[in-house]
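What you see is a predicted model; the values in this text were computed from it and never measured.
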Amino acid sequence: MEGIIIWLIIGAIAGWLAGQIMKGGGFGLVGDIVLGIVGAVVAGWLLPRIGLHIGGGVVADIINATIGAVLVIFLVRMVSR
């Protein structure tokens, strides 16, 4: 249970960071946080499969999740246009 809460917090931080990186036509704070959580899942699955390993620890998890969140926000914006 504790791991899921930490995972959600990291995803929320990543979503906020991705929202700051991907300026213009955002989904709002809550939308960016939700997309960040989805992005954390995507990054956790995709990045190891393409051979991208940033490291260990909370900071590396936030970076990985932010990369995933940026990808998810980019894809959602492309589809919604």
Side-chain angles (χ1 to χ4, degrees):
M1 185 67 172
E2 188 176 294
I4 293 173
I5 293 171
I6 292 171
W7 181 64
L8 291 174
I9 291 170
I10 288 173
I13 292 168
W16 178 80
L17 285 171
Q20 298 302 308
I21 292 169
M22 302 288 290
K23 295 275 186 192
F27 297 100
L29 181 62
V30 174
D32 287 341
I33 288 172
V34 169
L35 289 176
I37 293 169
V38 173
V41 172
V42 169
W45 176 80
L46 179 65
L47 294 179
R49 283 172 176 63
I50 63 173
L52 184 62
H53 300 283
I54 294 179
V58 175
V59 174
D61 290 340
I62 291 172
I63 292 170
N64 285 335
T66 301
I67 292 169
V70 167
L71 289 173
V72 169
I73 289 172
F74 176 76
L75 291 174
V76 168
R77 286 184 184 172
M78 294 302 287
V79 170
S80 67
R81 289 185 182 180

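Applying the 6.0 Å contact sphere to CD1 of Ile50 captures more than 12 heavy atoms from other residues, nucleotides or ligands.
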Stepwise side chain to side chain contact (heavy atoms under 4.5 Å, CB included) check, Leu46 with Leu71: CA-CA 11 Å; Leu46 179 65; Leu71 289 173; 4.3 Å; yes
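Here the closest non-hydrogen pair linking Pro48 and Ala43 is CD-O, 3.5 Å. What you find for Ile54 and Ala60 is that their closest heavy atoms are CG2-CB, 4.2 Å. Minimum heavy-atom separation, Arg77 to Met22: NH2-O, 2.7 Å. Residue Ala65 comes nearest to Ala40 through the heavy atom pair CB-CB, 3.6 Å, listed as atom of the first residue, atom of the second, then distance. Of all the heavy atoms in Val72 and Gly39, the pair that sits closest is CG2-CA, 3.7 Å.
How far CG of Asp61 is from CD1 of Ile10: 4.5 Å, rounded to the nearest 0.5 Å. In this structure, the separation between CD1 on Ile63 and CG on Leu47 is 11.5 Å, given to the nearest 0.5 Å. From Ile37, atom CD1 reaches atom CD1 of Ile9 across 10.0 Å, with rounding to the nearest 0.5 Å. Once rounded to the nearest 0.5 Å, the distance linking CG of Leu52 with CG of Asn64 reads 6.5 Å.
In this structure, Val79 is not a member of the same hydrophobic cluster as Leu35, with clusters built from ILVMFWY side-chain heavy atoms closer than 4.5 Å.
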